[in-house]
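Worksheet for the structure shown next.
Letters go in sequence order (proteins before strands), and every chain restarts at 1.
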Amino acid sequence: MMRLCQGDTSALAELVRRYENDILRFCLHYLREVERSKEMAQETFLRVYVARERFDATRNFRPWLLRIARNLCLSELKRKKAVQMESLEAYVSTARDMSGVLAPTAEDGPDVQLMVAERREQLARALDSLDAEAREIVVLRFFERMSAREISNIVGGTEGAIRTRVHRILRKLRDRMGKTGGA
Amino acid sequence: MVRSCEEHKSDLMALLDGTLHGEDHDRLLKHLEHCETCRDEYHWLKTLVNDLERIGDAMVADTPEIDIVDAVMSALDQAEVERKVMPVAPRPRARLSWAWTWAGALAAAAVVLVLAWWLGGHWPLAGPPEPPRVREAHRPAQKDLLAPTTVSEPGSEVNRDRPDAAQLERAEKLLAKTKQGLPLETRPTDRLGMPELAALTVGDVLEARREVVEDDSALARLSQWAALSPERARQLALSPKASWQAIAGACQALPPEEAEPLLQGAVEQCPKDPQMRLALAKALSAQPEKRDAAASELARLSELDPDNALPDYMRARDLLAAGDLENALSALDEAAAKETASAYATMAAACREQALAESGMQFDTAHLLTAVTAGTEEYASFLGLGEELLKYGEQYEAAGNLKPAKQIYEGVYRMGGQVYDGAEFGAERLAGLDLQRAAVDFLEGVYIALDAGSDLQWLGAEVDQLTTPIEALIAFFDSLNNLFLDLVEGKYVDLIADIIHQFGDLSLFDHLQPSE
């Protein structure tokens with residue numbers, strides 16, 4: 001990034017190579033479409049170039065990059081329609097269908113498989129009932145495995161406030177799922 | 001001390017995160033051995049976190065790999081080519097002091113005339129300043145002083161002592177240029193002819209913005225489109241589906257007593273959003289019986305954004321209204337220690353955009369419309385605050401209490417500089433200059449009355465320094481107008497609107513500056 005700030009455009013190519021897949025995945029969380037996310041990833045790096053002089057060299061580059069990508073995605077979502085993040089229920093289903101990761105394993109008995117499947121369906125519904133801001137926190141914390149500090153650098157707020165929000169969101173999810181799903 | 005289950009529960013997340021250590025960690029594990037309720041809670045949380053992380057893992061595993069290096073680099077080359085044909089403005093100077101050393105070289109006669117016109121044509125060009133009483137006779141009404149620097153009608157008070165007609169004409173033309181492209185009209189009350197929100201297109205907005213260059217009435221049209229009617233704002237604010245951002249945007253169109261409870265809700269939901277807090281403080285300040293609550297809100301805003309001097313100026317204004325001079329002057333001192341004064345114009349524009357979009361306007365239209373009108377509300381708001389402060393200063397001056405009057409006027413002058421420095425939009429930067437222009441006239445009188453020769457000398461030097469930012473601002477507005485004149489509907493419009501929304505219109509030319 002220092003090289004880019006000094007006008008070395010080849011440094012941009014290196015940054016793109018290093019972060020392109022991270023940014024694509026990050027954009028996919030918001031946009032769900034690979035092509036649109038790819039466009040946003042490209043746009044993100046162009047914005048990095050345009051705003052390079054605004055980068056504070058004493059700060060980490062990645063959160064700054066993710067913040068630009070986030071702003072672009074939110075703007076794109078609003079442009080498409082004045083709605084926030086899309087259904088996570090569909091997102092969960094897609095992920096499950098595509099990878100099988102969420103399907104119960106063959107080692108589990110039929111009862112357990114049924115219970116796990118049911119619980120995750122409930123979770124998907126509960127996720128969809130969250131507001132956009134809460135869903136974003138879930139995505140960043142549990143899907144992207146970011147720490148509270150990293151999240152606070154992207155969405156704003158303090159580290160402590162993010163921790164409190166995560167806990168509150170989990171409680172809300174649990175309450176909405178109800179304990180009948182069993183665990 | 002025995003801890004309750006509730007207290008232990010608050011540590012469960014930390015245990016899951018691996019951030020619970022030492023005694024707390026051991027104590028919680030021991031508690032979990034004996035307490036079935038907490039064990040159940042922990043088990044639930046752990047399962048939930050595990051499920052969520054597995055959803056995330058699935059997502060990561062299924063994300064395709066891309067290679068966009070070539071695409072980015074070729075887009076960059078293309079952007080460089082396009083940028084070189086863009087009109088480019090000299091970057092306005094960030095600080096007035098920069099202008100000092102070479103102000104003499106840069107101060108073109110016409111610009112000096114602009115200043116002379118600003119100052120009522122009698123100082124510094126027209127010889128030594130007159131004593132306060134005479135100055136009073138020449139000073140236009142307060143409203144005029146603080147009104148935007150528009151061209152006055154011939155024969156009006158402001159123009160009485162001008163050097164000569166030809167010079168004046170040149171000065172007026174130059175000054176009028178600073179207004180072009182700025183939708184500085186206050187919110188219109190006549191909403192007849194307002195098209196349906198949903199029917200308005202990007203093309204309509206772009207056309208009106210182009211017309212602004214030649215025809216000032218297009219400004220009113222843009223402002224009218226960008227302002228929700230109170231009825232529509234009310235409808236949106238009461239809709240259960242409205243986002244908090246949209247509600248905050250709608251509140252801009254509602255009277256303070258109506259906006260206040262809605263903004264209370266928005267602030268509760270978004271406690272770290274300084275713009276919403278500022279809006280709430282304004283709504284409270286506008287209701288004299290709620291000035292205490294306003295003071296608390298301003299204090300919270302200062303905690304949230306300690307570098308922003310604006311809450312201190314608002315506090316000073318409210319304290320002066322309550323007759324508490326001592327604390328008002330302390331608030332002005334606190335403001336003086338800060339770098340900038342910001343009204344969070346980009347955030348306010350985002351709220352307006354959301355309000356318009358959720359009221360039925362197409363998003364692209366709302367995006368461009370709020371981009372081209374952003375900063376105008378802030379312009380009016382800064383000037384309103386400056387006007388009130390100057391009025392209180394004038395009351396003290398009239399009562400012969402010159403020292404506090406001087407401190408208040410100096411506060412307004414300083415606020416102008418801080419507004420200028422904190423500006424994201426050209427309109428705000430103009431507000432900074434207008435505030436300084438207004439304060440200079442008041443300061444001149446009080447310095448003379450106090451026989452403060454060195455202060456007068458300082459003031460003269462400050463006025464000299466104003467030439468550079470004025471020139472830069474004129475060039476900026478010219479470039480902005482040219483940019484919109486050349487702009488055709490398409491992807492580039494989105495980019496311009498995006499940059500304005502993210503960084504303010506003043507950043508446009510920073511981004512488009514050629515590398516050579």
Side-chain angles (χ1 to χ4, degrees), chain A residues 7 9 12-13 16-17 20-21 24-25 28-29 34 38 41-42 45-47 49-51 53-54 71-72 75 78-82 84 88 91-92 94-96 98-99 101-102 119-120 123-124 127 132 138-139 141-145 148 156-158 161 163 166-167 170 173-174 177 179 183, chain B residues 10 12-14 17 19 40-41 43-49 51-73 75-77 79-80 243 246 269-273 353-354 357-358 361 363-364 366-367 494 498-499 501-503 507 510-512 515:
Chain A
T9 47
L12 182 67
V16 176
R17 227 169 266 125
E20 60 189 351
N21 287 309
L24 173 76
R25 193 179 66 247
L28 264 172
H29 289 311
V34 175
K38 199 170 153 184
Q42 287 179 22
F45 289 108
L46 288 174
R47 294 296 168 89
Y49 178 76
V50 167
E53 284 170 12
R54 290 175 177 270
N71 287 343
L72 280 169
S75 198
K78 284 195 286 182
R79 177 172 293 127
K80 192 186 171 200
K81 205 178 172 187
Q84 307 282 321
L88 275 173
Y91 181 0
V92 170
T94 309
R96 183 182 53 212
M98 287 170 74
S99 69
V101 172
L102 289 173
R119 190 183 71 229
R120 285 178 183 154
L123 176 60
L127 280 170
V138 168
V139 163
R141 175 65 187 82
F142 300 109
F143 295 11
E144 283 294 314
R145 308 273 179 102
T158 63
R163 274 211 194 89
V166 169
H167 197 180
L170 287 179
L173 281 174
R174 187 197 58 180
M177 287 168 73
K179 296 204 174 187
Chain B
S10 66
L12 290 177
M13 261 319 287
D17 279 346
T19 53
D40 188 38
E41 168 97 0
H43 187 55
W44 254 98
L45 280 174
K46 196 175 173 183
T47 306
L48 200 53
V49 167
D51 282 349
L52 288 167
E53 288 182 345
R54 289 179 73 182
I55 294 170
D57 290 343
M59 177 76 183
V60 172
D62 293 320
T63 304
E65 294 218 336
I66 52 166
D67 180 357
I68 54 170
V69 177
D70 291 343
V72 171
M73 298 314 282
L76 185 65
D77 290 343
E80 287 284 309
S243 67
Q269 291 297 317
C270 317
K272 299 287 175 193
D273 186 318
E353 170 193 63
Q354 195 64 22
E358 291 188 23
M361 189 179 282
F363 178 76
D364 282 349
H367 195 51
D494 290 344
D498 280 355
I499 293 176
H501 268 283
Q502 272 193 284
F503 307 111
S507 73
D510 293 351
H511 289 166
L512 301 168
S515 47

*Can you tell me how far the CZ atom of A/F45 sits from the CD atom of A/E20, to the nearest 0.5 Å?*
7.0 Å

*asked:* Quick check on the interface: out of B/Q502, B/K272, B/K46, who has the most heavy-atom pairs with chain A under 4.5 Å?
replied: B/Q502

*Working to the nearest 0.5 Å, report the span between CD of B/E358 and CZ of B/F363.*
11.0 Å

_Heavy-atom pairs under 4.5 Å with chain B: which of A/H167, A/R145, A/R163, A/R47 has the most?_
A/R145

*If the plane angle is over 60° it's perpendicular, under 30° parallel, otherwise tilted; pick one for B/H501 and B/H367.*
parallel

*Hey, could you give me the CD/CG distance between A/Q42 and A/L24, rounded to the nearest 0.5 Å?*
10.5 Å

_Can you tell me which portion of B/I68 sits under 4.5 Å from chain A's heavy atoms? Options are side chain, backbone, both or neither._
both

*A/A41 versus chain B, heavy atoms under 4.5 Å apart: side chain, backbone, both or neither?*
both

*How long is the gap from CG on B/L48 to CG on A/L170, to the nearest 0.5 Å?*
5.0 Å

*So what's closer than 4.5 Å to chain A heavy atoms on B/D273: side chain, backbone, both or neither?*
neither

